[in-house]
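As structure tokens, the structure follows; a few thoughts come after it.
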Amino acid sequence: MTTGTVPTQERGPATAGTRGIAAYRGYRPPVGMLSWALHRITGLGVLLFLLLHIVDIFLVGYGPETFNELLFIYRHPVFRIGEIILVAGLYYHAANGVRIILIDFWEKAYRFERQLFYGVIAVFLAGFLPTAFFMIRAMVR
Amino acid sequence: MSAPRPRVGRERPAGGFELYSWYFFRISGLLLIFLAITHVVIMHVINTVDEIDWNFVADRWGSPFWRAFDWLMLFLALLHGLNGARLAVDDYIRARGWRIFAHSILWSAAVIFLIIGSIAVLTFDPSAFQAASTAAGS
Ligand code: HEM
Ligand code: HEM
């Protein structure tokens with residue numbers, strides 16, 4: 001259970017036989033390193049928010065006064081910037097998660113490592129920019 | 001055991017708990033794309049945080065569909081996220097004692113937050129407060 005970091009079995013693409021792990025490029029630096037670091041940071045960041053969020057939503061059960069009083073936090077400008085960053089993190093993590101899953105299940109994906117990462121950035125921007133637009137519009141209004 | 005390579009993502013584990021964990025990450029991740037992104041779009045695109053208040057939530061939780069949706073999201077995001085934190089713990093904490101300690105914290109957090117979140121979404125009863133909220137005029 002604690003051996004998660006050291007693979008017990010190297011798994012290259014089925015066809016790669018002798019090349020083994022060296023052929024598994026989708027996970028490797030330089031692109032692999034940056035995308036992985038971002039994946040971990042965004043995942044842990046969203047988790048931290050989620051834990052606070054479960055507590056704040058718990059207060060719904062204490063009735064309108066208690067809950068509405070707390071909501072000034074969500075509307076505070078500093079927190080609103082934080083919400084935009086949170087959404088950016090979530091969207092990146094989701095897009096890159098799909099890339100990881102693709103590499104896991106599609107043998108040839110490792111050949112398109114760079115393209116896939118650009119794809120992640122494209123999907124991320126396509127989702128994030130419109131969302132950020134609405135969030136900023138609501139904020140300045 | 002050879003020196004650990006820098007881990008950049010990881011390979012499918014051979015079996016046991018780690019293999020289940022590996023599959024769980026991928027399946028819950030795919031479901032969370034739908035759940036978490038829909039949730040954020042509802043909160044920030046369709047509505048704004050200025051419209052969210054107690055009545056907003058009471059309204060949404062009037063529907064069993066959104067309660068089920070929120071509970072599923074709670075369950076999957078919490079276990080996926082804390083299990084992810086466990087991967088990070090395994091990478092950075094080498095000493096056996098501290099690792100067991102850190103794992104205990106993570107699994108306890110999973111149980112505690114799952115209970116808190118489930119109480120919130122499953123036992124919520126707006127009728128207990130409805131009078132107060134109309135009196136408050138919101
Ligand atoms: C800043 C952005 C967000 C806002 C304003 C927000 C708002 C809300 C609101 C008003 C509820 C009450 C239930 C409902 O109306 O459906 C809720 C519940 C919930 N949200 Fe969010 N949310 C945000 C981001 C997120 C993110 C990123 C996640 C995923 C990790 C998440 C996970 C949840 C969960 C699991 C619940 C159910 C909590 C429970 O069962 O106790 N939320 N959220
Ligand atoms: C939106 C859809 C999501 C997708 C597609 C997704 C996908 C993934 C995938 C494929 C992994 C890699 C697991 C492995 O190495 O075996 C992962 C790791 C992780 N995820 Fe997610 N995830 C999503 C949402 C979330 C949410 C909402 C949270 C936080 C509550 C989260 C937190 C984490 C963490 C902390 C890790 C561990 C990263 C590491 O240490 O390497 N993820 N995710």
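Every heavy atom of this structure was used, including side-chain atoms; hydrogens, water molecules and symmetry mates were not. Below, chains carry the letters A, B, ... as their sequence lines are ordered, and counting in each starts from 1.
- Grouping the Ile, Leu, Val, Met, Phe, Trp and Tyr side chains by contacts below 4.5 angstrom, directly or via other members, places A:Ile41 apart from B:Leu87.
- Counting heavy-atom neighbours within 6.0 Å of B:Phe24 CZ, excluding the residue itself, gives a total above 12.
- Atom CG of residue B:Leu106 and atom CG of residue A:Leu47 lie 8.5 Å apart, to the nearest 0.5 angstrom.
- Chain A forms more heavy-atom pairs under 4.5 Å with one residue of B:Asp125, B:Val49, B:Thr48 than with any other, namely B:Val49.
- Using a 4.5 Å cut-off between side-chain heavy atoms of Ile, Leu, Val, Met, Phe, Trp and Tyr, with links allowed through other members, A:Leu70 and A:Val78 fall into different hydrophobic clusters.
- Proximity to chain B (any heavy atom under 4.5 Å) is restricted, for A:Leu44, to the side chain, taken from C-beta onward.
- Residue pairs meeting the salt bridge (charged side-chain N to carboxylate O under 4.0 Å, His left out) criterion with at least one member in residues 66-83 of chain A, sequence neighbours excluded, are A:Arg80-B:Asp50.
- The candidate with the highest count of non-hydrogen atom pairs below 4.5 Å against chain B, out of A:Leu71, A:Leu59, A:Val98, A:Leu48, is A:Leu71.
- Neither the backbone nor the side chain of A:His39 comes within less than 4.5 Å of any heavy atom in chain B.
- Heavy-atom distances place the side chain of B:Phe124, and not its backbone, under 4.5 Å from chain A.
- Looking at B:Leu82, the atoms closer than 4.5 Å to chain A (heavy atoms on both sides) sit in the backbone and in the side chain alike.
- Within the model, atoms CD1 of B:Ile27 and CD1 of A:Ile101 stand 9.0 Å from one another, a figure rounded to the nearest 0.5 Å.
- Nearest heavy atoms, A:Ile57 versus B:Ala120: O-CB, 4.2 Å.
- Connectivity analysis of hydrophobic side chains (ILVMFWY, heavy atoms under 4.5 Å, direct or indirect) links A:Ile85 to A:Ile81, A:Met139.
- Considering all non-hydrogen atoms of both residues, A:Val60 and B:Trp61 come closest at CG1-CZ3, 4.2 Å.
- For the atom pair B:Phe129 CZ and A:Phe67 CZ, the distance stands at 12.0 Å (nearest 0.5 Å).
- Residue contact with chain A, scored on non-hydrogen atoms closer than 4.5 Å, involves the backbone and the side chain of B:Ile116 alike.
- No more than 12 heavy atoms of other residues, nucleotides or ligands sit less than 6.0 Å from atom CZ of B:Phe101.
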B:Val45 vs A:Met135, test: side-chain contact (heavy atoms from CB on, under 4.5 Å). Steps then yes/no.
CA-CA 7 Å; B:Val45 177; A:Met135 293 176 80; 6.0 Å; no

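- Scanning residues 88-96 of chain A against chain B with a 4.5 Å non-hydrogen threshold yields A:Leu90, A:Tyr91, A:His93, A:Ala94, sorted by number.
- Tracing side-chain contacts under 4.5 Å through hydrophobic residues (I, L, V, M, F, W, Y), one reaches A:Trp106 starting from A:Ile103; they form part of the same cluster.
- Hydrophobic clustering (side-chain heavy atoms under 4.5 Å, transitive across Ile, Leu, Val, Met, Phe, Trp, Tyr) keeps A:Tyr62 apart from A:Leu52.
- Surrounding CH2 of B:Trp98 are at most 12 heavy atoms belonging to other residues, nucleotides or ligands under 6.0 Å away.
- Separating the CG atom in A:Leu50 from the CE atom in B:Met73 is a distance of 8.5 Å, to the nearest 0.5 Å.
- Both A:Phe79 and B:Met43 belong to a common hydrophobic cluster when Ile, Leu, Val, Met, Phe, Trp and Tyr are linked at side-chain heavy-atom distances under 4.5 angstrom.
- For B:Tyr20, no part sits under 4.5 Å from any heavy atom of chain A, backbone or side chain.
- Between the side chain of B:Trp54 and the backbone N or O of A:Glu65 there is no donor-acceptor pair closer than 3.5 Å.
- Among the candidates B:Val41, B:Leu78, B:Val121, the residue making the largest number of heavy-atom pairs closer than 4.5 Å to chain A is B:Leu78.
- Here the CZ-CG distance, from B:Arg12 to A:Asp104, works out to 7.0 Å after rounding to the nearest 0.5 Å.
- For A:Phe134, the ring-ring contact (aromatic ring centres under 6.0 Å, His included) test picks out no residue, with sequence neighbours left out.
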